[in-house]
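Everything on this sheet refers to the single structure shown next.
Position 1 is the first residue of the sequence, and the numbers go up from there. Atoms within a ligand are numbered from 1 in the order they appear, just like the ligands themselves. Computed from a prediction, not measured in an experiment: that's the story for all the values here.
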Amino acid sequence: MIDFRTIYILVSYYMETILITGANGEVGHGLIPALFKQAKCKIITLDINELDPDLQKMVQKSVVADINNEEILKKFIEDYQVNTVFHLAAILSTGAEKNPEKAIAINAGGTEKILEIINIVARSRKMVIKFIFPSTIAVYGLPSAESKVKSGAVKEEQFLNPITVYGVTKLYCENLGIYYSDNYQLLTSSQHGFVDFRCVRFPGIISALTIPTGGTSDYAPEMIHSAAQGQGYESFVRPNTKIPFMVMPDAVKALIQLANAPKDKLNKHVYNVSSFSITAGEISDLVNQVFPDSSISYNPDPKRQKIVDTWPEAVDDSAARTDWKWQPDYDLQKSFNEYLIPEIRSKYNKK
Ligand code: AKB
């Protein structure tokens, strides 16, 4: 007679193993519970910090290590027979500008290492490993305020002139991932295709549960979270600053949907995804309607303003919509009314 535990061990033996790097960050806090709920895979994680206890319960193994620790990474990926990697570890735009050398080491160096390792491991196993990479609207660099307004929704191939080290390293890693996927050792008889590189370029992401650190789109979540706590907020960008955003459940949906998409449907490696575009002033108006006591003022920081001024007002995500049926669940109204406001209210217990 086979008992329940034996069945579980047998079933989980055949389950896909997913490695999430940078797992204790904002996106990890959304992605881990969503994957855990699906109960289709084993999750293992790596982060420079200890994984939060709530998430710890959902993963099979968590390791505290630097993304540049090659030895640990390789052993981890080999020992757990990883099939898919969600490589979330990165330093965001404002944080990266404060320490470009560190950002290059983490964002570019860390991605180089993990791509090289999975390429070696996948080849030796003669099995494909999927590599899901979150990129960003920071890879774009619009030359002027006028072009930002006139360009309309920007396509994946346009305006790839980032001004930040974050944008530069993300764009480099997109291209490196494509190289491992399609052209590895171009001039030799070596077979490519053991790394299945898939990338989403995210807009600003707003979560109701966590507050980001070190991003330049952070004014949006900071405004909402501050108001919900009855605190004033001084925005570091002008009220007419407009960029695209999406809420965390849609960001997580995009990552999982792209990871699960049939390979023969994917005509690109890198896809824009988007939900709504909004100015800082419009966000503050929406926040004021819900929290009338909130006081939001503006004191633009020229350096951070310069960064967002090079990011597009909107991105064209039609390729994702066609190839893997991407569609956000939350438009602007629904994001505020059915996700952000109720969840943030209950987080801070504010009526
Ligand atoms: C940042 O502001 O750096 C990020 C991003 C847009 O990628 N949120």
Side-chain angles (χ1 to χ4, degrees), residues 21-22 25-31 86-100 102-104 106-108 110-111 132-142 148 153-154 156 159-174 199-225 235-238 241-252 254-255 270-280 283 300-315 317 328 335 340:
T21 70
E26 267 222 297
V27 177
H29 276 79
L31 182 62
F86 286 88
H87 179 47
L88 310 182
I91 300 182
L92 298 183
S93 52
T94 294
E97 276 328 297
K98 289 185 181 157
N99 192 343
K102 185 172 176 195
I104 292 168
I106 305 278
N107 294 5
T111 310
I132 314 301
F133 184 65
S135 187
T136 163
I137 50 166
V139 298
Y140 297 112
L142 283 95
K148 187 166 153 109
V154 168
E156 282 86 351
F159 300 109
L160 295 175
N161 305 299
I163 65 160
T164 59
V165 69
Y166 173 61
V168 168
T169 50
K170 283 286 184 178
L171 188 58
Y172 163 64
C173 294
E174 288 182 6
C199 165
V200 271
R201 277 195 198 143
F202 280 125
I205 300 175
I206 314 178
S207 170
L209 307 178
T210 49
I211 308 176
T213 42
T216 317
S217 61
D218 293 3
Y219 57 89
E222 285 173 1
M223 247 181 220
I224 310 170
H225 282 266
S235 167
F236 57 82
V237 296
R238 289 186 308 266
T241 305
K242 189 172 183 180
I243 60 166
F245 282 98
M246 68 172 40
V247 288
M248 187 59 81
D250 274 334
V252 166
L255 287 171
V270 176
Y271 289 91
N272 282 338
V273 287
S274 182
S275 176
F276 53 86
S277 288
I278 187 167
T279 66
I283 299 175
D301 169 350
K303 294 183 183 141
R304 294 180 96 183
Q305 182 72 55
K306 183 174 169 182
I307 293 176
V308 274
D309 283 349
T310 67
W311 294 353
E313 283 199 357
V315 292
D317 62 1
S335 291
L340 290 170

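The protein non-hydrogen atom at the shortest distance from atom 8 (N) of ligand 1 is S217 OG, 2.9 Å.
A cation-pi contact, defined as under 6.0 Å to the ring centre and within 45° of the axis, links K170 to F133.
Geometrically, ligand 1 and T216 share a nitrogen or oxygen pair separated by less than 3.5 Å. Note: an N/O pair closer than 3.5 Å links S93 and ligand 1 by distance alone. For the pair T136 and ligand 1, the shortest N or O to N or O distance falls below 3.5 Å.
Side chain of D317 to backbone of S274: a donor-acceptor contact under 3.5 angstrom is found.
When E313, K148, R304, Q305 are each tested for a side chain to side chain donor-acceptor pair (under 3.5 Å) with T241, only one passes: Q305.
The W311 neighbourhood of ligand 1 comprises atoms 1 (C), 2 (O), 6 (C), with distances under 4.0 Å to a heavy atom of that residue.
Ion pairing of K303 with E97 is absent here, as no side-chain N (NZ or NE/NH1/NH2) approaches a carboxylate O to less than 4.0 Å.
Residues Y140 and F159 keep their aromatic ring centres 6.0 Å or farther apart.
Using a 4.0 Å cutoff on heavy atoms, Y166 counts as a contact of ligand 1.
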